[in-house]
Amino acid sequence: MQYRIPYSVSNKHTAASLSDIHIDGEIGARFDRFVHERISGKFAIDEILAEALDCFADQYDDEYAAGMWRGEFWGKQILSACRVCRMKNDGALREAIRRSAYDLIAYQREDGYLSTYRDSDNIQPCDTADGIREVGWACFYNWNVWGQKYTLWALIECAQLLDDAYLLSRCVRMADFLVAQIARLGIRVKDAGVMHGMAAGSIMKPMLVLYRLTGKAEYLDFCLSIAREFDREDGEWPNLIRNAFSDTPPYIWYDSEDGWYSKAYEMMSCYDGIIELYRVTGCERYIDAVKAFWEILYKYESNILGSVGYCERFADGASYADAATEVCDVIHWMRLCYELFCLTGENKYMDAFERAYLNAFLAGVYEDGKTGAFFVRSAGRHWTAEPQVETKYQHCCVNNAARGFVNAAEAAITQDEDGYHINLYTPTRVSFGDVSFRISSGYVNRGNHTVIIRGVKPGDRLYLRIPSWSKTVTVRTDLKNMETVSAKAGETLCLTLTKADTVLRMSYDMTPEVIEVACNYMRTGGFCDLPKTDYHHLRWIDSAGGLCDRSVMLQHPMAVIRRGPLMLARSKRLGPTAEGCTQEEMFSGVTVYGKGASCTAAVIRHDRLLVGCRVKLTTDEGTYEYVMCDYASAANRDSEDPKFFTMYV
């Protein structure tokens with residue numbers, strides 16, 4: 001299926017076709033288990049996907065005034081399935097997608113409306129009094145357009161995957177209804193849905209894809225109207241474009257006391273649409289706003305897990321030593337980093353992508369592949385993703401997770417007009433036509449690996465991202481009699497390939513780093529005991545679910561350890577005899593913070609970890625020896641133990 005409208009600005013970097021990419025090693029095994037359990041296996045098709053489709057038959061998301069968000073689940077599941085299908089070339093999955101798409105459009109009304117809300121005009125926020133009565137606080141929810149975004153986007157992906165013009169015509173009917181409805185009701189898109197239209201405004205991305213496929217100018221006009229409302233001189237919320245240039249953190253953009261807050265997932269989804277609008281129009285203000293927003297998040301919201309924000313909000317995440325992040329937020333932070341990297345080629349975006357992927361994201365995908373986390377934490381246990389809004393199997397984060405794996409697969413090796421770029425070094429196989437790359441295991445544990453390159457033309461150039469965490473990287477090549485070259489952190493190393501087949505042997509500085517976690521709680525200038533009414537405290541404890549007790553939160557500043565790209569943690573999964581991993585030892589409060597600690601780490605063998613280490617911390621007051629593993633593997637399971645692991649030393 002061809003696009004009728006070309007981009008005004010194309011990506012600098014392009015990925016290989018998904019069918020030419022394969023994830024290997026332990027991460028590949030986790031991906032394959034997740035795909036079988038949640039996307040392509042019999043249970044995934046017959047139960048999980050079928051239940052998501054049934055939400056359109058039941059159509060009772062607006063049974064309550066505050067509404068529900070079941071309309072997003074089919075779209076998220078199918079978006080994941082379409083990308084996995086392309087990657088795995090899975091004919092059975094393709095047929096399941098086709099059946100589900102045609103079953104879905106059977107629920108589309110004659111006027112084009114397709115949603116899990118029965119009342120098609122119920123797209124504006126509920127009254128806060130209804131919110132208090134139904135959910136216990138003054139919410140002003142409405143998820144109708146948000147759900148339609150995911151349905152439209154997934155149906156477009158189905159049409160492209162299947163090359164099905166009839167499915168695309170149903171997308172057109174759906175989009176035409178929404179565009180006409182907004183005009184008929186005399187409202188703006190930002191007037192629809194929750195959070196002053198941030199959720200609804202994120203429909204920009206699929207609308208622009210549909211514009212490029214059909215050439216219908218009204219879809220572009222619709223998106224430009226959203227962008228104008230995001231760039232107002234009077235500051236009317238959410239004003240995402242104008243606010244991005246403020247160099248102020250998102251948590252102060254709005255009045256949280258008025259029931260409004262900086263919801264991270266929806267906000268980043270809007271910026272994803274703004275990036276696409278830049279590609280379509282070429283307007284530099286759009287991309288400048290997204291770049292500025294990224295810098296704000298990196299400065300004010302980066303947490304020790306590699307993600308941004310605190311739980312589901314932008315809430316001064318960089319200032320809180322106790323870290324927690326929603327998995328949907330990790331996935332969309334990765335998307336933001338990936339899209340900016342593709343447009344600019346700047347390594348800082350891929351450095352941030354790698355931290356998020358190998359730490360917070362992988363921690364949120366459980367080892368059995370059957371589910372994952374809603375929030376991942378820095379200590380205690382993760383908040384398992386329980387089925388949402390009266391379903392048996394659906395959860396916003398779990399339905400999204402496969403797309404995170406696929407994004408990483410695409411990002412690993414890219415191509416531009418100057419040559420090939422290796423950006424991530426976890427085990428991967430990638431082909432561009434007759435040219436193939438194979439990255440072996442060893443990057444995250446041993447600190448060395450090979451890259452086997454086949455089929456290049458002499459004179460082709462290869463660019464290697466030098467990770468920002470490694471002080472030096474050594475590359476031994478067979479290009480010139482086993483030449484050895486070195487590069488420093490953050491650089492890009494360029495090699496001219498002189499023969500068709502080449503082997504690189506890469507080694508990294510894996511010296512562990514002791515990081516003393518910044519503490520500026522509640523802007524007090526340092527560490528403080530959080531009051532029970534503080535958002536960070538409430539979300540960490542989650543008293544309704546009883547997930548973690550208050551004693552798991554830090555009582556004083558502590559440190560964490562990074563080895564290579566991975567954060568390390570102590571965990572009960574390492575066994576009762578592992579040094580430093582009993583509950584008493586992990587939560588004793590003993591710390592090397594402020595003691596000028598140095599660290600060494602010796603790799604030990606342990607199944608189904610990215611890395612296991614015997615860590616030795618040396619201070620003026622003595623030494624501490626712990627067995628630790630990668631943070632992503634420390635608690636990637638549905639544990640009922642509120643003191644199962646900790647990152648802190």
Side-chain angles (χ1 to χ4, degrees), residues 303-306 320-323 355 358-359 363 377-381 442-448 467-472 489 507-519 526-527 551-635 641-649:
N303 58 48
I304 60 174
L305 310 178
Y320 286 78
D322 294 298
R355 283 193 296 273
L358 295 180
N359 294 286
R377 288 184 173 87
S378 53
R381 64 170 171 172
Y443 175 63
V444 297
N445 48 15
R446 298 191 311 269
N448 61 74
S468 59
W469 53 262
S470 183
K471 292 180 180 179
T472 60
S507 300
Y508 305 83
D509 179 1
M510 302 296 283
T511 303
E513 180 183 1
V514 179
I515 302 169
E516 296 188 344
V517 183
C519 300
F527 192 92
S551 66
V552 174
M553 298 193 82
L554 297 184
Q555 304 303 306
H556 53 74
M558 296 187 75
V560 294
I561 300 173
R562 178 195 54 74
R563 180 185 179 272
L566 303 179
M567 303 304 295
L568 299 184
R570 292 179 282 167
S571 171
K572 290 180 182 178
R573 78 167 290 173
L574 298 173
T577 62
E579 294 93 329
C581 292
T582 67
Q583 181 167 305
E584 293 73 20
E585 290 169 316
M586 288 193 292
F587 297 97
S588 67
V590 173
T591 182
V592 299
Y593 183 96
K595 299 177 182 178
S598 61
C599 184
T600 61
V603 174
I604 58 176
R605 183 176 179 83
H606 201 293
D607 291 339
R608 298 182 78 170
L609 301 176
L610 299 184
V611 70
C613 296
R614 191 174 301 279
V615 171
K616 184 176 181 179
L617 291 155
T618 303
T619 73
D620 292 339
E621 298 179 4
T623 61
Y624 306 85
E625 294 191 20
Y626 302 133
V627 174
M628 305 184 76
C629 68
D630 61 287
Y631 164 73
S633 303
D641 185 345
K643 293 186 177 181
F644 188 75
F645 84 105
T646 182
M647 294 177 70
Y648 301 107
V649 294

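What you see below is based on every heavy atom in this structure, not just the backbone, and it leaves out hydrogens, waters and symmetry mates.
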Does [X] reach the side chain of [Y], with side-chain heavy atoms less than 4.5 Å apart?
X	Y	answer
Tyr626	Leu568	no
Arg573	Phe644	yes
Leu305	Asn359	no

- Task: May I ask you to say whether Lys595 pairs ionically with Glu621, meaning some side-chain N is under 4.0 Å from a carboxylate O?
- Result: yes

- Task: With side-chain contact (heavy atoms from CB on, under 4.5 Å) as the test, would you mind laying out the steps for Asn303 and Tyr320 before giving the verdict?
- Result: CA-CA 8 Å; Asn303 58 48; Tyr320 286 78; over 6 Å; no

Under the 3.5 angstrom rule, does the side chain of [X] hit a backbone N or O of [Y] as a donor-acceptor pair?
X	Y	result
Ser571	Ala634	yes
Arg562	Glu513	no
Gln555	Met553	yes
Glu585	Gly580	yes
Thr591	Val649	yes
Arg563	Cys613	no
Glu625	Arg614	no
Ser470	Asp509	yes
Asp630	Val611	yes

- Query: Is it the case that more than 12 heavy atoms not belonging to Lys616 sit under 6.0 Å from its NZ atom?
  - Reply: no

- Message: Taking side-chain contact (heavy atoms from CB on, under 4.5 Å) as the criterion, tell me which of Leu566, Ile604, Val615 meets it with Met628.
- Response: Val615

To the nearest 0.5 Å, what is the distance between [atom1] on [X] and [atom2] on [Y]?
X	Y	atom1	atom2	value
His606	Leu574	NE2	CG	5.0 Å
Ile304	Arg355	CD1	CZ	13.0 Å
Arg570	Ile561	CZ	CD1	8.5 Å
Ser551	Phe587	OG	CZ	8.0 Å
Met647	Ile515	CE	CD1	8.0 Å
Ser507	Arg446	OG	CZ	9.5 Å

Looking only at heavy atoms, what is the nearest atom pair of [X] and [Y], with distance?
X	Y	value
Leu554	Ala321	CD1-CB, 3.6 Å
Met586	Cys581	CE-O, 3.5 Å
Ser468	Ala489	O-CB, 3.5 Å
Ala632	Leu358	CB-O, 3.6 Å
Leu617	Ala597	CD2-CB, 4.5 Å
Val514	Cys599	CG2-CB, 3.7 Å

- Kindly assign one of parallel, tilted or perpendicular to the pair Trp469 and Tyr508, based on the angle between their ring planes and the thresholds 30° and 60°. tilted

- Message: side chain to side chain donor-acceptor pair (under 3.5 Å), that's the test. Do Lys572 and Thr582 meet it? Break it down for me.
- Response: CA-CA 7 Å; Lys572 290 180 182 178; Thr582 67; over 6 Å; no

- Message: For the residue pair Ser378 / Tyr648, report whether a side-chain donor-acceptor contact shorter than 3.5 Å exists.
- Response: yes

